[in-house]
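Each remark here refers to the structure printed beneath this line.
In each ligand, atom 1 is the first atom listed, and ligand 1 is the first ligand listed.
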Amino acid sequence: MTQDRVYIFDTTLRDGEQSPGATMTHSEKLELAEMLDDMGVDIIEAGFPIASEGDFKAVSDIAKRSKNAMICGLARANFKDIDRCAEAVRHAAQPRIHTFIGTSPLHRAIPNLTQDEMAERIHETVTHARNQCDNVQWSPMDATRTEYDYLCRTIEIAIKAGASTINIPDTVGYTAPRESAELIRRLIKDVPGATEVIFATHCHNDLGMATANSLAAVDAGARQIECTINGLGERAGNTALEEVVMAMKVRNDIMPYRTQIDSTKIMAISRRVATVSGFAVQFNKAIVGKNAFAHESGIHQDGMLKNAETFEIMRPEDVGLSETNLVMGKHSGRAALRSKLKDLGIDLADNQLNDVFVRFKDLADRKKEVFDEDLLALVRADTADEQSDHLNLKSLRVICGTQGPQEASLELSIDGIMHSVTATGDGPVDATFKAVKALFPHTARLQLYQVNAVTEGTDAQATVSVRMEEDGKIATGQSADTDTVVASAKAYINALNRLIVRREKSAPGEDLKSVSYKDAG
Ligand code: KIV
Ligand code: ZN
């Protein structure tokens with residue numbers, strides 16, 4: 001290992017997917033894994049194989065298709081989890097088992113293990129994992145709230161049992177940069193065998209310090225950063241891959257570390273993750289936000305025109321942002337569309353491309369200029385429809401304006417059978433949602449309804465995001481259309497379709513989010 005090399009461990013498909021509502025389909029996971037592999041991620045944590053048949057299959061298919069990246073699966077500290085994980089990753093050219101247990105007093109209390117009992121469990125499970133796979137990573141969950149002496153003891157046991165990577169999770173986003181660095185420095189100094197393994201940092205963003213904490217840990221000797229695209233993850237999310245990579249690149253003078261990430265692929269994967277997870281990137285998000293390279297004030301624009309470096313510390317091209325945003329029009333053909341989508345990081349199968357092309361032509365007829373964002377919204381709507389076809393919008397006509405009540409007449413196909421209804425409501429969207437509910441009665445609660453204009457102008461497409469909750473299960477839906485009410489109806493129906501899929505696969509133990517970390521002990 002060269003001292004300046006930092007390994008990038010991406011857990012978008014595991015920790016990222018644990019964000020409530022961020023469930024991804026099988027094909028989306030395979031597609032993202034390929035993009036991560038292509039951009040140079042060293043280790044892809046592809047899922048939690050014991051969680052469900054779907055998760056097992058995703059990890060195993062990703063393992064089979066992996067090119068350069070090491071493929072890792074997560075396993076709690078029990079033999080059943082570890083065996084299932086070993087089975088899932090075994091086809092990878094470079095497989096890894098990542099096993100963990102909560103070591104802090106609060107986490108030890110859940111399985112009710114004493115320090116000695118837990119130490120014994122760590123010894124047994126890491127040894128077992130090592131017998132199944134040559135490459136084992138071990139994590140003491142909630143390490144930053146674990147008694148220091150006990151943390152050292154558990155890490156020493158894991159190293160002796162054969163773990164070659166020791167991950168130090170700040171599970172609840174509690175630490176701060178100086179403390180994060182100090183912990184890694186002390187562990188490397190105090191734990192016997194520590195200099196023979198790689199220390200990893202895994203930070204959550206509850207106090208907004210995840211990226212800073214990860215970089216501080218690297219300064220202190222950690223050589224693996226665990227992160228996700230767009231910082232996706234439970235609660236406030238994880239360290240964002242794009243932030244650590246660009247920070248080390250732009251400030252290499254003070255952080256002289258190297259990764260093998262091709263930063264020009266960042267923007268494409270960020271957009272794709274936003275699309276498939278349903279978690280839109282906030283406009284002012286570092287590196288990948290819509291405004292990260294936008295300059296509005298007169299002074300800034302003037303400075304930019306004279307010399308871009310006045311207000312930009314990196315070039316848009318460094319993260320794969322093309323300078324010209326206006327691309328396609330109604331005369332563009334299928335090949336041009338395919339090539340443009342490829343630039344945006346989207347590789348569609350022929351039948352999907354055909355569908356998107358039809359929608360593109362329809363949009364280009366209605367809208368003067370078709371921007372990258374429009375195309376991304378089209379693809380999002382298209383692949384979203386493909387999730388499940390239990391419910392399909394056939395037609396919608398609304399009456400709205402100052403003379404209420406507003407009215408929606410809806411035709412909906414439910415499992416191939418056409419139904420229609422007219423409903424009234426407090427506004428056209430409310431009337432539309434009531435019409436859907438009249439045809440497909442359900443108890444799901446609308447938690448979020450959000451509308452954004454994809455581009456400027458009154459002919460802009462509206463992207464609508466909807467988040468629904470039913471019996472603790474959350475599903476999001478998105479859609480885009482130049483008609484905001486149509487986009488709303490489609491997003492609502494898309495969320496319901498996803499919820500139906502989640503209902504179908506949520507027999508006990510069948511769903512990642514229903515697997516508790518309790519069994520870790
Ligand atoms: O945050 C955490 O502690 C985790 C572990 C499973 C490593 O994600
Ligand atoms: Zn985590």
For ligand 1, find out whether one of its N or O atoms is nearer than 3.5 Å to an N or O atom of Asp142. no
Residue-atom pairs from the protein, N, O or S only, that lie under 2.8 Å from the Zn ion (ligand 2): Asp15 OD2, His202 NE2, His204 NE2
Find out whether Ser214 and Thr201 are in side-chain contact, i.e. whether some heavy atom of one side chain is under 4.5 Å from a heavy atom of the other. yes
So that I can tick it off, tell me whether Arg251 and Asp253 are bridged by a salt bridge, with the cut-off set at under 4.0 angstrom between side-chain N and carboxylate O. yes
Does an N or O anywhere in Asp15 fall below 3.5 Å from an N or O of ligand 1? yes
Ion pair check, Arg108 and Glu147, cut-off under 4.0 Å: yes
Heavy-atom check, side chain of Tyr148 versus side chain of Leu183, under 4.5 Å: yes
What are the atoms of ligand 1, with element, lying closer than 4.0 Å to any heavy atom of Met141? 3 (O)
Could you list the atoms of ligand 1 found under 4.0 angstrom from a heavy atom of His202? 1 (O), 2 (C), 4 (C), 8 (O)
Once rounded to the nearest 0.5 Å, what's the spacing between atom OG1 of Thr211 and atom CD1 of Ile225? 8.5 Å
Neighbour count above 12 (heavy atom, 6.0 Å) for Arg235 CZ: yes
Heavy-atom count around Lys80 NZ within 6.0 Å, excluding the residue itself: above 12? no
Enter the distance from Asp61:CG to His26:NE2 here, rounded to the nearest 0.5 Å. 4.0 Å
With a 4.0 Å cut-off on heavy atoms, is Arg14 in contact with ligand 1? yes
Does His204, backbone or side chain, put an N or O under 3.5 Å from an N or O of ligand 1? yes
Surrounding OH of Tyr449 (heavy atoms of other residues, nucleotides or ligands, distance under 6.0 Å), is the total greater than 12? yes
